[in-house]
Amino acid sequence: MSTTDMSMRGKIIFYEDRSFQGRSYECMSDCSDMYCYMSRCHSCRVESGCFMVYDCPNYMGYQYFMRRGEYADCMSMMGMRDCIRSCHMIPWHRGSYRMRIYDREHFGGHMYELMDDCDNIMDRYHMSDCMSCHVMDGHWLMYEQPHYRGRMMYFRPGEYRSFRDMGWGGMRFMSMRRIMDSYY
C-alpha cells in the first residue's frame, strides 16, 4: 500500500481503561464488536480520519462522532452510558454535498434540499420535524436539537424512507451538518 493510500485511511486506537491505559486495539476499518478484541473500551485516540463509535455491538445504540484527537474518558466527555462496543470508519468524500429532507415519512410532505449545513430547520424552513431523507452526495450528521446538539445519527448516501421504521421513531432531527474533509 502506498503512502498516499495509507494517508487516506482512518486509524483509531482503543484502550481498555481511561487515559489510554490497559490493553489497546488498533483499527483502520469498521469493527462490529469490540468484545472480540477487548472486554471494555473507555478511551481512544483518533490518529487520522473520522469514525462513528457506538455503545452497543453491530453499530447499534447511541452514536458519537470522533475526528482526529484524543478522548481520554469517553464516558464523561461524550456522556456515553457504557463503553465503546463498535465503530464505523467514515469514508473520505471529496465533492459536493446534497441531501433532501422531508417532513413526512416515505418522502412525503414538504421537501427541502440542502447543500450546506443547517443549524435549525425550524428557523430556516419553518419545518417542525424531519421524518425521512435522501442523501445524494456526501456524508452527514443529523442532530436531535438545533445548533448541532443532542444525540446524533450518521447518514451516508442512500434513501431513508422512514426514521420510525428504522427504530428512531422517538428522535426528532432539528439540525444537519456535513462531514467535511477539514475534519480530518
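Bear in mind the structure is a predicted one, so any value in this text is a computation, not a measurement. Both backbone and side-chain heavy atoms feed into the values below; hydrogens, waters and symmetry mates do not.
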A.B. asks: Which atom names give the shortest non-hydrogen contact between Glu70 and Arg45, and what distance separates them?
C.D. replies: OE2-NE, 2.9 Å
A.B. asks: Which value, rounded to the nearest 0.5 Å, describes the distance between Arg85 atom CZ and Ser32 atom OG?
C.D. replies: 13.0 Å
A.B. asks: Under 4.5 Å between side-chain heavy atoms, hopping through other hydrophobics if needed: is there a path connecting Tyr112 to Met174?
C.D. replies: yes
A.B. asks: With the side chain counted from C-beta on, respond yes when Glu16 and Ser39 share a heavy-atom pair under 4.5 Å apart, and no when they do not.
C.D. replies: yes
A.B. asks: Which heavy atom in Ser128 sits nearest to a heavy atom in Met122, and how many Å separate them?
C.D. replies: CB-CE, 4.0 Å
A.B. asks: Examine distances only and state if a side-chain atom of Asp55 and a backbone atom of Tyr62 form a donor-acceptor pair shorter than 3.5 Å.
C.D. replies: yes
A.B. asks: Ignoring hydrogens, what is the shortest heavy-atom contact between Ile121 and Asp129? Give both atom names and the distance.
C.D. replies: CD1-C, 4.3 Å
A.B. asks: Is there a side-chain contact between Tyr154 and His139 (heavy atoms, below 4.5 Å)?
C.D. replies: yes
A.B. asks: Please examine the side chains of Arg67 and Val46, heavy atoms only from C-beta on, and report whether any two atoms are closer than 4.5 Å.
C.D. replies: no
A.B. asks: Under a 4.5 Å cut-off applied to non-hydrogen side-chain atoms, are Tyr59 and Met52 in contact?
C.D. replies: no
A.B. asks: Show the nearest heavy-atom pair for residues Cys31 and Tyr37, with the distance to one decimal.
C.D. replies: SG-CE1, 3.7 Å
A.B. asks: Decide whether Phe20 and Met66 are clustered together by the hydrophobic rule: side chain heavy atoms of Ile, Leu, Val, Met, Phe, Trp, Tyr closer than 4.5 Å, transitively.
C.D. replies: no
A.B. asks: Check the hydrophobic clustering (I, L, V, M, F, W, Y; side-chain heavy atoms under 4.5 Å; chains of links allowed) and say if Met60 and Ile84 are grouped together.
C.D. replies: no
A.B. asks: Between atom CZ of Arg18 and atom SG of Cys41, what is the distance when rounded to the nearest 0.5 Å?
C.D. replies: 10.5 Å
A.B. asks: I'd like to know if Tyr15 and Ile12 are part of one continuous hydrophobic network [Ile/Leu/Val/Met/Phe/Trp/Tyr, side-chain heavy atoms within less than 4.5 Å].
C.D. replies: no
A.B. asks: Is the shortest heavy-atom distance from the side chain of Ile179 to the side chain of Phe65 under 4.5 Å?
C.D. replies: yes
A.B. asks: Mind telling me whether Tyr25 and Phe14 have parallel, tilted or perpendicular rings, with 30° and 60° as the class edges?
C.D. replies: parallel
A.B. asks: Flag yes if more than 12 heavy atoms outside Arg104 fall under 6.0 Å of its CZ atom; otherwise flag no.
C.D. replies: no
A.B. asks: Side chains of Leu114 and Tyr125, heavy atoms from C-beta outward: is any pair under 4.5 Å?
C.D. replies: yes
A.B. asks: Just wondering, more than 12 heavy atoms not from His106 lying within 6.0 Å of its NE2?
C.D. replies: yes
A.B. asks: Do you know which of Met176, Met153, Arg177 makes side-chain contact (heavy atoms from CB on, under 4.5 Å) with Trp140?
C.D. replies: Met176
A.B. asks: Using 4.0 Å as the upper bound for N to carboxylate O, is an ion pair formed by Asp17 and Arg40?
C.D. replies: yes
A.B. asks: Drop me the distance from Lys11's NZ to Ser48's OG, to the nearest 0.5 angstrom.
C.D. replies: 7.5 Å
A.B. asks: Please find the pair of heavy atoms, one from Met142 and one from Cys130, that lie closest to each other, and give the distance.
C.D. replies: CE-SG, 3.7 Å
A.B. asks: Counting N and O atoms only, with roles assigned by atom type, does the side chain of Ser175 sit under 3.5 Å from a partner on the main chain of Gln145, one being a donor and the other an acceptor?
C.D. replies: yes
A.B. asks: With no hydrogens and no angle check, is any side-chain donor or acceptor of Asp33 less than 3.5 Å from a backbone partner on Tyr35?
C.D. replies: yes
A.B. asks: Kindly compute the distance separating CD1 (Ile90) from CZ (Arg156), expressed to the nearest 0.5 Å.
C.D. replies: 9.0 Å
A.B. asks: Do Arg164 and Glu105 make a side-chain contact, defined as non-hydrogen atoms from C-beta onward lying under 4.5 Å apart?
C.D. replies: yes
A.B. asks: For Asp117 and Tyr148, run side chain to side chain contact (heavy atoms under 4.5 Å, CB included): C-alpha distance rounded to whole Å, both residues' side-chain angles, the deciding distance at 0.1 Å, then the answer.
C.D. replies: CA-CA 10 Å; Asp117 300 347; Tyr148 320 115; 3.3 Å; yes
A.B. asks: Quick check for you: to the nearest 0.5 Å, what is the distance between Cys56 atom SG and Gln63 atom CD?
C.D. replies: 11.0 Å
A.B. asks: With under 30° as parallel and over 60° as perpendicular, where do the rings of Tyr97 and His93 fit, or are they tilted in between?
C.D. replies: perpendicular
A.B. asks: For ring pair (Phe, Tyr, Trp, His ring centres under 6.0 Å), just list the numbers for Phe173 and Phe155, CA-CA rounded to whole Å, side-chain angles, deciding distance to a tenth of an Å, and then say yes or no.
C.D. replies: CA-CA 12 Å; Phe173 296 110; Phe155 290 84; 5.7 Å; yes
A.B. asks: Would you check, one step at a time, whether the test side chain to side chain contact (heavy atoms under 4.5 Å, CB included) holds for Cys44 with Cys74?
C.D. replies: CA-CA 8 Å; Cys44 66; Cys74 294; 4.1 Å; yes
A.B. asks: Using 0.5 Å steps for rounding, measure from the CZ atom of Phe163 to the OH atom of Tyr102.
C.D. replies: 11.0 Å
A.B. asks: Measure from the side-chain N and O atoms of Arg100 to the backbone N and O of Met136, and report whether any donor-acceptor pair falls under 3.5 Å.
C.D. replies: no
A.B. asks: What closest approach, in Å, do Phe107 and Cys133 show between heavy atoms, and which atom pair accounts for it?
C.D. replies: CE2-O, 3.3 Å
A.B. asks: Side chain of Asp103, backbone of Met127: donor and acceptor closer than 3.5 Å?
C.D. replies: no
